[in-house]
Each structure stands twice: as C-alpha cells, then as structure tokens.
Chemist: 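Okay, handing you the structure first.
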Amino acid sequence: MDLVPSRPQRHEGKLRKFIILATVIVALFAAIWNGIQAFMAHQISQLASAGTGFTMTEVRGLHDPTRIGVRITEPRLDLPAAIVVMPEASLSVPPFAPMTARLELAPKAMIDLGSGPHELGLTDPRASIRFLVLSGFAPGRAGISIGPLTLDETPLAAGLTVRGRMTALEYDAPQGSRTAYDIDWNLKDLIPAALPPLPGLAGTIRIADPVSIRGKGRVWLDAMPTIKALQTPPTPFPTGIRIDNADLQVKGLTARMVGMLKADANGYASGAIALYTTDAQAMLQTASEAGMIPHAAVMLGRTMIRTVSALPMEGTLYPAPQEGELRLPLTFADGRISLGPIPLGPAPLMRP
C-alpha cells in the first residue's frame with residue numbers, strides 16, 4: 001500500500017522551491033545591478049583618461065539599494081573659458097528606468113574664469129539625462145536647475161534653469177552639423193558686479209543692478225554626443241547657435257533678442273544678433289557704464305541710432321522693429337563684433 005505524503009510535506013516542498021527561485025532571482029538581479037555599475041564606472045574612467053578636459057580622482061559604485069550608479073571623487077572640467085572642480089558628484093539611475101540618469105552635484109564647487117579660483121555655491125542643484133539606446137546612448141533630453149547661487153559667499157544669481165531636447169536637422173542647419181538640440185533657459189537676477197575680472201574685458205563688469213534673461217533657441221553640433229564621441233577628442237563642438245526669442249531685463253529696461261551665429265573657418269562666431277528695445281539710448285548707456293561696449297557707441301545720437309536701426313538684415317529671423325521700437329544689429333564677422341559701423345571687440349570662439 002502506497003503512502004500518501006502528508007499536507008505539511010507538500011507545503012515544505014513548495015516552500016523550498018520558492019526559496020531557491022527567490023535566491024536565483026536575487027542573485028541575478030544583484031549581478032545585473034553590479035554589472036550596470038561596473039559599466040558606468042568603466043565608461044566614466046575611459047572618458048577621464050581620453051584627454052577631453054574631464055578628469056577625476058576616483059569612481060566607485062554606490063552602496064544604495066534604491067539606486068544603481070557611481071560616485072565620482074573630485075570631478076574636474078577644463079573648459080576653454082573656465083575650470084570647474086567639485087569635491088564629488090554621483091550619477092545614478094532608478095532600477096526600473098535605467099535610461100534616465102540623475103546627476104547629483106555637490107553644494108560647493110571651485111571655479112576659475114581666468115583670474116584665479118573662486119568658491120561657487122549651488123543651492124539644491126538638480127540634473128537629469130535621458131539616454132537614447134539606439135543612438136549610442138546620446139542624450140535625448142537633459143536638464144539642470146539650480147536655486148540661488150553665490151560666489152565667494154556673495155549673492156551671484158537667484159537661480160538658473162536649462163533644458164535641452166534632441167531634434168531633427170532642418171534646412172537651416174549649418175554646414176557640418178550632425179545633430180541639433182532645442183534649448184530653453186532662464187537665468188534670474190544675475191548680479192554682474194559679483195563676477196571677478198574676466199580676461200579680455202577692461203575690468204569687472206560694473207553694473208550693479210540684477211540682469212535676467214530667459215529664452216529659447218537651438219544648438220547644432222558637429223557630431224552626435226554618444227559615449228564613444230565624448231571619449232574621442234575632439235569631442236562634439238557647436239557649429240551654430242540660433243536664438244529664437246530671448247527677453248532681457250536690466251536696470252528697469254527690457255529688450256528682446258533674436259539671432260543666428262555659425263562657426264566660421266577659424267572657429268569664430270559669424271552672423272548677427274538683433275536687439276529690439278523701446279529705449280536704445282538708455283540700453284547703450286547701461287552697456288557702456290557696465291564696461292561692455294565702448295563709449296563711442298553711446299555717442300551715436302538718436303539720429304544715428306535710427307539709421308543703424310534701419311540697416312537691412314537678411315532673413316525672416318530679423319523682423320522689422322515694431323512701432324516705438326528700435327533694432328540694434330550686432331554683426332559678427334572676421335573674428336570681430338560690431339554695432340553698425342562701431343567696432344565692439346573680438347567675437348567669441350565657438351570651436352577650436
């Protein structure tokens with residue numbers, strides 16, 4: 001006569017199978033978790049050793065059950081116009097959204113704009129990046145927001161927000177462009193007087209009133225910023241910048257800007273930016289007092305300003321000024337910037 005297993009024995013067998021299955025799932029999940037962190041650490045190490053201007057002291061995995069990622073010790077960026085060093089930063093992804101990364105920044109950083117190091121204070125910095133798997137892990141969307149900023153513990157700005165989204169190339173893309181990003185930004189209450197003396201300017205920008213600028217536009221790059229491209233110098237550089245609309249507020253004055261700049265054969269910005277304002281004379285006076293333009297630009301006089309405002313500008317991007325407005329055309333050519341016939345200074349370098 002066969003013995004029929006008791007009910008407790010059958011339950012024990014099912015429990016044993018469940019424990020084994022759960023152990024296998026946990027082990028597999030841990031292997032995937034550690035594998036992603038190892039992949040991230042390897043790619044960041046490759047970037048730091050590629051000579052792209054980014055370096056660090058160490059990168060290691062996070063010990064956090066809610067996040068997959070790495071912690072970077074002493075990340076440093078050597079940019080053409082600045083050096084930025086932070087004590088640490090972390091890059092992580094949620095377990096169930098591995099293509100959306102969160103970048104956590106330290107509340108303080110060292111920044112050198114060419115006149116020596118200064119302490120930059122960041123309030124609640126937040127940044128995120130959504131990667132495109134089928135495009136070499138290039139960013140599809142990215143954004144950063146920062147609350148009040150300080151420089152050497154002196155208020156610098158009330159806040160900064162920048163967002164970007166990859167978009168399709170269109171007919172007006174500058175030659176050599178391989179990808180484009182639509183950008184919108186909002187810089188609130190920047191205090192220029194808090195900035196240190198900048199190379200190429202006569203001295204510290206002397207305007208004491210806060211400056212705010214918000215707008216949207218597009219940036220074109222000469223290569224898609226994939227992981228491989230970022231690890232291979234020269235890294236992607238801009239081929240052009242378009243300002244679709246930007247609003248500027250300073251010292252009780254308001255103006256709007258549109259413009260299009262492309263990199264010329266030597267890498268300098270070439271093109272034009274139009275500044276529309278109802279009080280051009282006061283705007284020029286403010287810029288002169290700030291040390292941003294020569295006094296000769298202020299001495300144009302109302303008649304000459306109207307003549308400059310009437311100068312033709314090619315393209316539908318630069319509409320005629322509205323009633324009561326004047327249009328100040330800033331032209332970029334041959335490595336120089338001019339306001340009508342008045343030279344203002346060197347044009348910025350867009351790419352080496």
Chemist: Taking side chain as C-beta onward, heavy atoms only, is Arg242 less than 4.5 Å from Leu317?
Modeler: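 With C-beta onward as the side chain, the pair touches.
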Chemist: Are the side chains of Ser90 and Ile72 in touch, meaning some heavy atoms are under 4.5 Å apart?
Modeler: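 The answer is no; the side chains never approach within 4.5 Å.
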Chemist: Counting distance only, does the side-chain N/O of Thr226 pair as donor-acceptor with the main-chain N or O of Gly136 below 3.5 Å?
Modeler: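 Absent.
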Chemist: Check whether any side-chain heavy atom of Pro107 lies under 4.5 Å from a side-chain heavy atom of Leu122, and answer yes or no.
Modeler: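 When only atoms from C-beta onward are counted, Leu122 and Pro107 do not touch, as no gap falls below 4.5 Å.
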Chemist: Check step by step if side-chain contact (heavy atoms from CB on, under 4.5 Å) holds for Phe131 and Ile129.
Modeler: CA-CA 6 Å; Phe131 296 103; Ile129 308 171; 3.8 Å; yes
Chemist: Look up atom OG1 in Thr331 and atom CG in Leu339, then write down how far apart they are to the nearest 0.5 Å.
Modeler: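 Result: 8.0 Å between the selected atoms.
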Chemist: Treat each ILVMFWY residue as a node, draw an edge where side-chain heavy atoms are under 4.5 Å apart, and state whether Ile44 and Val84 are in one component.
Modeler: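 The answer is yes; both residues are in one hydrophobic cluster.
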Chemist: Atom CZ in Arg214, atom CH2 in Trp185: separation rounded to 0.5 Å?
Modeler: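 Rounded to the nearest 0.5 Å, the CZ-CH2 separation comes out at 11.0 Å.
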Chemist: Please assess Asp264 against Lys262 for the test salt bridge (Lys or Arg N to Asp or Glu O under 4.0 Å), listing each intermediate value before the final yes or no.
Modeler: CA-CA 6 Å; Asp264 65 14; Lys262 301 178 182 180; over 6 Å; no
Chemist: From Leu169 CG over to Arg218 CZ, what is the distance, rounded to the nearest 0.5 angstrom?
Modeler: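 Reported value, rounded in 0.5 Å steps: 8.5 Å.
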Chemist: I need the minimum non-hydrogen distance between Leu311 and Pro329, along with the two atoms involved.
Modeler: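 Closest pair (atom of Leu311, atom of Pro329, distance): CD1-CG, 4.5 Å.
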Chemist: Hey, does the side chain of Asp334 reach the backbone of Arg336 with a donor-acceptor pair shorter than 3.5 angstrom?
Modeler: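 Not a single qualifying donor-acceptor pair exists.
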Chemist: List the steps and the verdict of side-chain contact (heavy atoms from CB on, under 4.5 Å) for Leu326 and Arg306.
Modeler: CA-CA 7 Å; Leu326 291 176; Arg306 293 189 180 278; 3.7 Å; yes
Chemist: Would Arg71 and Ser92 count as a side-chain hydrogen bond (donor to acceptor under 3.5 Å, both in side chains) if you check the C-alpha gap in whole Å, the side-chain angles of each, and the deciding distance to 0.1 Å?
Modeler: CA-CA 8 Å; Arg71 178 168 284 106; Ser92 63; over 6 Å; no
Chemist: Going hydrophobic residue to hydrophobic residue with side-chain gaps under 4.5 angstrom, can you get from Val93 over to Leu103?
Modeler: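 Yes; Leu103 is reachable from Val93 via cluster members.
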Chemist: Sequence neighbours left out, what passes side-chain hydrogen bond (donor to acceptor under 3.5 Å, both in side chains) with Glu104? Give chain and number order.
Modeler: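 In terms of side-chain hydrogen bond (donor to acceptor under 3.5 Å, both in side chains), with neighbours along the sequence ignored, Glu104 is linked to Arg67.
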Chemist: Between Thr52 and Leu47, is there a side-chain heavy-atom distance shorter than 4.5 Å?
Modeler: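 Sidechains of Thr52 and Leu47: in contact.
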Chemist: At their closest point, which heavy atom of Tyr181 faces which heavy atom of Pro225, and how far apart are they?
Modeler: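 Taking Tyr181 first and Pro225 second, the nearest heavy atoms are OH-CG, 3.4 Å.
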Chemist: Which heavy-atom pair separates Pro233 from Gly51 by the least distance, and what is that distance?
Modeler: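 Closest approach of Pro233 to Gly51: CG-O, 3.8 Å.
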Chemist: What is the minimum heavy-atom distance between Tyr276 and Pro319, and which atoms define it?
Modeler: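 The pair with the smallest heavy-atom distance is OH-O, 2.6 Å.
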Chemist: How far does OG of Ser128 sit from CZ of Arg102, to the nearest 0.5 angstrom?
Modeler: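 One finds 9.5 Å between OG of Ser128 and CZ of Arg102.
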Chemist: Drop me the distance from Lys216's NZ to Asp247's CG, to the nearest 0.5 angstrom.
Modeler: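 Output value for this atom pair is 10.5 Å.
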Chemist: Using distance alone, with no hydrogens and no angle criterion, decide if Arg76 and Thr57 have a side-chain donor and acceptor under 3.5 Å apart.
Modeler: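 Looking only at side-chain atoms, Thr57 and Arg76 do not form any donor-acceptor pair under 3.5 Å.
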Chemist: Let me see the working for Asn245 and Met257 under side-chain contact (heavy atoms from CB on, under 4.5 Å), right down to the final yes or no.
Modeler: CA-CA 6 Å; Asn245 184 52; Met257 291 186 295; over 6 Å; no
Chemist: Who are the side-chain hydrogen bond (donor to acceptor under 3.5 Å, both in side chains) partners of Asp152, not counting sequence neighbours?
Modeler: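 For Asp152, the residues satisfying side-chain hydrogen bond (donor to acceptor under 3.5 Å, both in side chains) (neighbours in sequence not counted) are His118.
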Chemist: Please determine whether residues Leu195 and Val250 belong to a single hydrophobic cluster, defined as Ile, Leu, Val, Met, Phe, Trp and Tyr linked transitively by side-chain heavy-atom distances below 4.5 Å.
Modeler: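 Same cluster: Leu195 reaches Val250 through Ile, Leu, Val, Met, Phe, Trp or Tyr contacts under 4.5 Å.
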Chemist: Does atom OH (Tyr268) have a neighbourhood of more than 12 heavy atoms from anything else shown, all under 6.0 Å?
Modeler: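 Incorrect, the count does not exceed 12.
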Chemist: Look at the side chain of Ser135 and the backbone N and O of Leu132, then say whether any donor-acceptor pair between them is shorter than 3.5 Å.
Modeler: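 No; judged by distance alone, with no hydrogens or angles, the pair does not exist.
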Chemist: Under the criterion side-chain contact (heavy atoms from CB on, under 4.5 Å), I'd like the reasoning laid out for Met110 against Glu119: C-alpha separation, chi angles, the key distance, then a yes or no.
Modeler: CA-CA 5 Å; Met110 186 283 292; Glu119 183 184 86; over 6 Å; no
Chemist: Judged by atom type as modelled, is there a donor-acceptor pair below 3.5 Å linking the side chain of Ser45 to the main-chain atoms of Ala41?
Modeler: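 Confirmed, Ser45 side chain pairs with Ala41 backbone.
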Chemist: Report yes if the side chains of Ile144 and Pro125 come closer than 4.5 Å at any heavy-atom pair, otherwise no.
Modeler: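 When only atoms from C-beta onward are counted, Pro125 and Ile144 do not touch, as no gap falls below 4.5 Å.
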Chemist: How close do Asn186 and Lys188 get, counting heavy atoms only, and between which atoms?
Modeler: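 Looking at all heavy atoms of both residues, the closest pair is OD1-CG, 3.5 Å.
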Chemist: Counting only N and O atoms by type, is there a donor-acceptor contact under 3.5 Å from the side chain of Gln231 to the main-chain atoms of Gln43?
Modeler: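 Judged by distance alone, yes, a pair lies under 3.5 Å.
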Chemist: Same cluster for Val70 and Leu230 if Ile/Leu/Val/Met/Phe/Trp/Tyr side chains link at under 4.5 Å?
Modeler: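 Yes; tracing contacts between hydrophobic side chains, which count when under 4.5 Å, links both residues.
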Chemist: Of all heavy-atom pairs between Ala255 and Leu275, which one has the smallest distance, and what is that distance?
Modeler: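 Scanning both residues, the minimum pair turns out to be CB-CD1, 3.7 Å.
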Chemist: Would you confirm whether Ser338, through its side chain, and Gly340, through its main-chain N or O, come within 3.5 Å as a donor-acceptor pair?
Modeler: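 Side chain of Ser338 to backbone of Gly340: no pair is present.
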Chemist: Under a 4.5 Å side-chain heavy-atom rule over Ile, Leu, Val, Met, Phe, Trp and Tyr, are Phe237 and Met350 clustered together?
Modeler: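 Per the 4.5 Å side-chain linkage, Phe237 and Met350 are not co-clustered.
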Chemist: Looking only at side-chain N and O atoms, does Thr100 offer a donor or acceptor that is under 3.5 Å from a partner on Arg130?
Modeler: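 Yes - a donor-acceptor pair under 3.5 Å links their side chains.
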Chemist: Should Leu253 and Leu248 count as side-chain neighbours, where that means a heavy-atom distance under 4.5 Å?
Modeler: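 In short, these two side chains do not touch, never coming nearer than 4.5 Å.
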Chemist: What pairs with Leu187 under side-chain contact (heavy atoms from CB on, under 4.5 Å), at least two apart in sequence or on another chain?
Modeler: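 Partners of Leu187 under the side-chain contact (heavy atoms from CB on, under 4.5 Å) test: Ala157, Leu160, Leu190, Ile213.
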Chemist: Has Ser177 got a side-chain atom pairing as donor or acceptor with Leu221's backbone, closer than 3.5 angstrom?
Modeler: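 Here the side-chain-to-backbone pair does not exist.
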Chemist: Is any NZ, NE, NH1 or NH2 atom of the basic residue among Arg163 and Asp184 found under 4.0 Å from an Asp or Glu carboxylate oxygen of the other?
Modeler: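 Salt bridge between Arg163 and Asp184, a charged N being under 4.0 Å from a carboxylate O: yes.
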Chemist: With a 4.5 Å limit on heavy-atom distance, are the side chains of Glu88 and Met56 in contact?
Modeler: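 No, their side chains stay 4.5 Å or more apart.
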Chemist: Should the pair Arg178-Asp222 be classified as a salt bridge under the 4.0 Å nitrogen-to-oxygen rule?
Modeler: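 The answer is no: the pair does not qualify as a salt bridge.
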Chemist: How many angstroms lie between atom CD1 of Ile337 and atom CD1 of Ile273, to the nearest 0.5 angstrom?
Modeler: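 Result: 8.0 Å between the selected atoms.
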Chemist: Any salt bridge linking Glu325 with Arg327? Criterion: basic side-chain nitrogen under 4.0 Å from a carboxylate oxygen.
Modeler: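 So Glu325 does not pair with Arg327 through a salt bridge.
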Chemist: Tell me, do His42 and Val59 make a side-chain contact under 4.5 Å, heavy atoms counted?
Modeler: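 They are not in side-chain contact.
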